[in-house]
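Along the sequence shown, the residues carry numbers beginning at 1. Any value given below was found using the heavy atoms of this structure, including those in side chains, with hydrogens, waters and symmetry copies removed.
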Amino acid sequence: MERAFQRTQVLTNHLLQSSSPLPSQTLSSNACLSYSPPELSENCAFDVKEMRKLIDGHNLEERDWLFGLMKQSELFNPKVKGGKVFVSPDYNQSMEQQREMTLKRIKYLQERGVFKGWLTEKGEEIEMRKFAGFEVFSIYDHSLFTKLGVHFPMWGGAIQFCGTKHHHDKWLRDTENYSIKGCFAMTELGHGSNIRSLETVTTYDSNTGEFVINTPCESAQKFWIGGAAKHATHTVVFSQLHINGINQGVHAFIVQIRDVDGNICPNIRIADCGHKIGLNGVDNGRIWFDNVRVPRENLLNSVADVSPDGKYLSLIKNPDQRFAVFMAPMTVGRVNIAIGAVYQSKVALAITIRYALTRRAFSLKPNEPEVLLLDYPSHQRRLFPLVAKTYAMSFAANYLKVLYAKRTPQSNKAIHIVSSSFKATFTWNNMQILQECREACGGQGLRTENRVGHLKGEYDVQSTFEGDNFLLMQLVSKALFAEYMAAQKRNKVFKGLGLEHMNKPCPVIPSQLTSTTLRCSQFQMDALCLRERDLLNRFVADVLKCKAKGENTEQVFNSCYELAKDLGRAFSERAIFQTFVEAESTLPAGSLK
C-alpha cells in the first residue's frame, strides 16, 4: 500500500504541477525510453560480415545490389531510422492497392535488369543467382516473393521442364521480360494435393488440330491461381487428356486467358478469390473453361505428344513416370518455399531480439533500473534455441540449393525427397518461431508496423501450398520404406539420402549422460540416427504387418500415418543437423566457429 500511495503522490504532483514536490516524488526519464539501436552499444564476439558470408553462402554483392534498388524507390517505402534505411510494405493499404503495388514493384525490378537470364540462361550460376533473389524478396514481402514464384519457377519452370525447344523459343524470353504474365492452373476446388484426380478434361479435335479444354463441374474450377484474378495473361492448365475415349492422365497446356488490353478471352470465366489472412498483394483467382480451343503445339510435350491425326505418342509407357515429369516444376517451388521460410524466421528473430535488448521490465531491487528482457533466463530460454535452430536450417537450406543447382537425372529423386522434408520442417518451424516471437514482443508484436504478428498470417499458407506438410512427410516415409525394401531385396547396403548410418552397428547411448557427452556432436548425431533407425524399422514392420492382412497400399500408409509423420521429421532433423555439423567442421578455430 505504501508503494501505491507513493506512486499516487508522484502522479498527483505531476498533474497539478506542484511547485515543491519532494525529490522522490518527481517523474524522470527511464533508461528504456532513451532508445538507441542495440548494435550501437553491444559488442559482437565475432566478425558479423564473415558470419553473414557463411550463412547467406553466395551472391552477397547481388543481394546488396537488390536491397540498394529497393532503398532507392518510394515503391518500397524506405524509412530512415537509427541511421539505417528500412524497407517494408504498407500492409494498411487495401487489397486492391497491395496488388497494384506488387505489380509496380515487379515492373520496377524488371526494368533494372533484375531478372535477366532467369529463364534464358542455364547452369549452376544462374540457379544460385535466382535463389539469392528470391531470398531478398522473401525478406521484403511474401506477396512479391509469391507472385514472382508463380511467374518464374512455376509458369516459366513448367515451360522449361515440360515443354520442348519450340515452346522455349516462343515463350521464355517474353516471360523473362514480363511482357507475358504467367500463372499456374493446377489446383482445383475439389483437388489440391491429389493432382492425379484433377477433373478438368481436355480432348483433341483432329479436324481442326486443336485441343478443347473444359471444366465439367464446379469442383473442377481452378482455384487459388496466383495472378489469375487481375494480371496474368497466360496460364499452364493441368488437365486430364482424353484421346479416343482413353484417359492418358494429367498433361499440361498453355492457354491465353487475357488479351493485350487485359480483357478476358472468350469461353473463359474468371472470379476473384477475395481477401485473405495474408498474401493480399497476390491476386488469387478462380478459372472455368468452356470449350476453350488451343493449338496442338500448346501441349507441353517433353514426355508425350499427340499426332495431327490424333494418335497419342510417348516414349515413356509408364504413366507414373510420365506424371513425375509433369510434377517437376513443383520441386523448385518447394525449394524456394523452404529457403523463404528460413529467412522469415531470421526476420522475426532479429526484430524480437533487438526489442529484447531495449525493452525493460521490473527491477530486482527498489530504485534500480528495470531489467532488460533478454537478461531474463526465461526470455533467453524461449529465444536462443530458436536462434540455434535457425542457424541449422540456414546451412540445410544452403545444402538444398546446391543440391538442386547441381541436379542430374540421377539426383532428381533425392532432391524431391529432401525438398519435401525440408519444406515441411522449415515451414512448421517458421510458424512456431513467429508465434514465439509474437508473444515475446508482448503488445508490440500485435502492431502491423512491427511485422512479427502480421507475418503469421502471411506465412501460415506455407504449411499447405506446394504440398500439405503432413502429406509431404508421408511421401518422404514412403520413399524411405522403398529404400529399405530395395536394400533388403538386393541384400545391399544403404546408399544415398544420408541413410548410410543404417549400414553401421546400432549406436549405443551411454547409461551415464554427462554434460560433456550431451554437448558432443557425435553423441547428438548418434541420438538422431538412432531415432531415425528405430522409426524406420517400426514403420517398415507396421506396413508389412498391415499388408499381410490383405490391406491395399493406400490403406496401409493411411493407417500408419502417425509413424510416417514422425519418421519424416526424424529424417529431416537428422539431415539438417548433419549439414550444420559439416558447415561448422569446415571453419578454422576462432570466434566464428
| query | Is it true that atom CD of Glu562 has more than 12 heavy atoms of other residues, nucleotides or ligands lying nearer than 6.0 Å? | reply | yes
| Does any pair with a residue in residues 259-314 pass ring pair (Phe, Tyr, Trp, His ring centres under 6.0 Å), and if so which ones, sequence neighbours excluded? | His251-Tyr312
| query | Distance from Met101 atom CE to Ser94 atom OG, nearest 0.5 Å? | reply | 11.5 Å
| field | Residue list, ring pair (Phe, Tyr, Trp, His ring centres under 6.0 Å) with Phe211, at least two apart or on another chain | value | Tyr204, Phe253
| said: side-chain hydrogen bond (donor to acceptor under 3.5 Å, both in side chains) for Glu436 and Gln432? Distances and angles first, verdict last. | reply: CA-CA 6 Å; Glu436 197 66 56; Gln432 176 206 358; 5.6 Å; no
| task | With rounding to the nearest 0.5 Å, note down the distance linking CD in Glu297 to OG1 in Thr164. | result | 10.5 Å
| request: May I have the step-by-step check of side-chain hydrogen bond (donor to acceptor under 3.5 Å, both in side chains) for Ser307 and Asp309, ending in yes or no? | output: CA-CA 5 Å; Ser307 66; Asp309 60 349; 2.3 Å; yes
| Any side-chain heavy-atom pair of Lys147 and Asp283 under 4.5 Å | yes
| query | Measuring from Leu475:CG to Leu471:CG, what's the distance to the nearest 0.5 Å? | reply | 9.0 Å
| field | Closest non-hydrogen atom pair between Arg105 and Asp141, with its separation | value | NH1-OD2, 4.2 Å
| Judged by atom type as modelled, is there a donor-acceptor pair below 3.5 Å linking the side chain of Ser219 to the main-chain atoms of Gly190? | no
| said: Does Asn244, at its CG atom, have more than 12 non-hydrogen atoms belonging to other residues, nucleotides or ligands within less than 6.0 Å? | reply: no
| With a 4.5 Å heavy-atom cut-off, do Ile268 and Ile287 have their side chains touching? | yes
| field | Pairwise distance CD(Gln344) to SG(Cys437) - rounded to 0.5 angstrom | value | 11.0 Å
| request: Mind checking ring pair (Phe, Tyr, Trp, His ring centres under 6.0 Å) for Phe223 and listing every partner two or more places apart, or none if nothing turns up? | output: none
| message | Please give me the minimum heavy-atom distance between Ala405 and Met128, naming the atom from each residue. | response | CB-SD, 3.7 Å
| field | From Phe137, Phe134, Tyr459, residue fulfilling ring pair (Phe, Tyr, Trp, His ring centres under 6.0 Å) relative to Phe145 | value | Phe134
| So how far is it from Arg447 CZ to Cys441 SG, rounded to the nearest 0.5 Å? | 11.5 Å
| request: Determine whether more than 12 heavy atoms belonging to other residues, nucleotides or ligands lie under 6.0 Å from atom CZ of Phe86. | output: yes
| message | Donor-acceptor pair, distance only, cut-off 3.5 Å: does the side chain of Lys401 make one with the backbone of Gly57? | response | no
| said: Around atom CG of Leu315, are there more than 12 heavy atoms from other residues, nucleotides or ligands closer than 6.0 Å? | reply: no
| Does the side chain of Leu279 reach to within under 4.5 Å of the side chain of Glu458, using non-hydrogen atoms? | yes
| Does any non-hydrogen side-chain atom of Leu66 lie less than 4.5 Å from one of Glu62? | no
| Less than 6.0 Å separating the ring centroids of Tyr178 and Trp118? | no
| request: Count the heavy atoms belonging to other residues, nucleotides or ligands that lie under 6.0 Å from NZ of Lys230, then report whether that count exceeds 12. | output: no
| Heavy atoms from other residues, nucleotides or ligands near CD of Glu125 exceed 12 (cutoff 6.0 Å) | no
| With a 4.5 Å limit on heavy-atom distance, are the side chains of Asn301 and His166 in contact? | yes
| remark: dist Thr187:OG1 -> Ile195:CD1 (nearest 0.5 Å) comes out at 5.5 Å
| Cationic tip of Lys478 within the cone over Phe557's six-membered ring, i.e. under 6.0 Å and within 45° of the normal? | yes
Acceptor/donor pairs from residues 68-76 side chains to any protein atom, 3.5 angstrom cut, sequence neighbours excluded:
{"from": "Gln72", "atom 1": "NE2", "to": "Gly68", "atom 2": "O", "distance (Å)": "3.4"}
{"from": "Ser73", "atom 1": "OG", "to": "Leu75", "atom 2": "N", "distance (Å)": "3.1"}

| said: Between Ser345 and Asn430, do the side chains contain a donor N or O and an acceptor N or O under 3.5 Å apart? | reply: yes
| request: Please answer whether the main-chain N or O of Thr120 pairs with a side-chain N or O of Arg173 as donor and acceptor at a distance below 3.5 Å. | output: no
| request: Could you pull out all residues at least two apart from Ile139 that satisfy side chain to side chain contact (heavy atoms under 4.5 Å, CB included)? | output: Phe67, Tyr343, Val347
| query | So do the side chains of Asn398 and Val402 get within less than 4.5 Å of each other, counting heavy atoms only? | reply | no
| field | Flag if over 12 foreign heavy atoms under 6.0 Å of CZ, Arg196 | value | yes
| Would you call Glu127 and Lys406 a side-chain contact if the rule is heavy atoms closer than 4.5 Å? | no
| Plane angle bin for Trp428 and Phe470 - parallel if under 30°, tilted between 30 and 60°, otherwise perpendicular | perpendicular
| field | side chain to side chain contact (heavy atoms under 4.5 Å, CB included) partners of Pro216, counting only residues at least two apart | value | Val201, Ala220
| request: Determine whether Asn280 and Gln93 make a side-chain contact, defined as any pair of heavy atoms from C-beta on separated by less than 4.5 Å. | output: no
| field | Exercise: do Lys346 and Ser394 side chains pair donor with acceptor under 3.5 Å | value | yes
| said: Which residue in the set Thr215, Asn194, Thr200 passes side chain to side chain donor-acceptor pair (under 3.5 Å) when paired with Glu188? | reply: Thr200
| query | Do the side chain of Thr425 and the main chain of Phe422 share a donor and acceptor less than 3.5 angstrom apart? | reply | no
| said: Under the side chain to side chain contact (heavy atoms under 4.5 Å, CB included) test against Phe426, which residue among Asn469, Ile576, Thr390 passes? | reply: Ile576
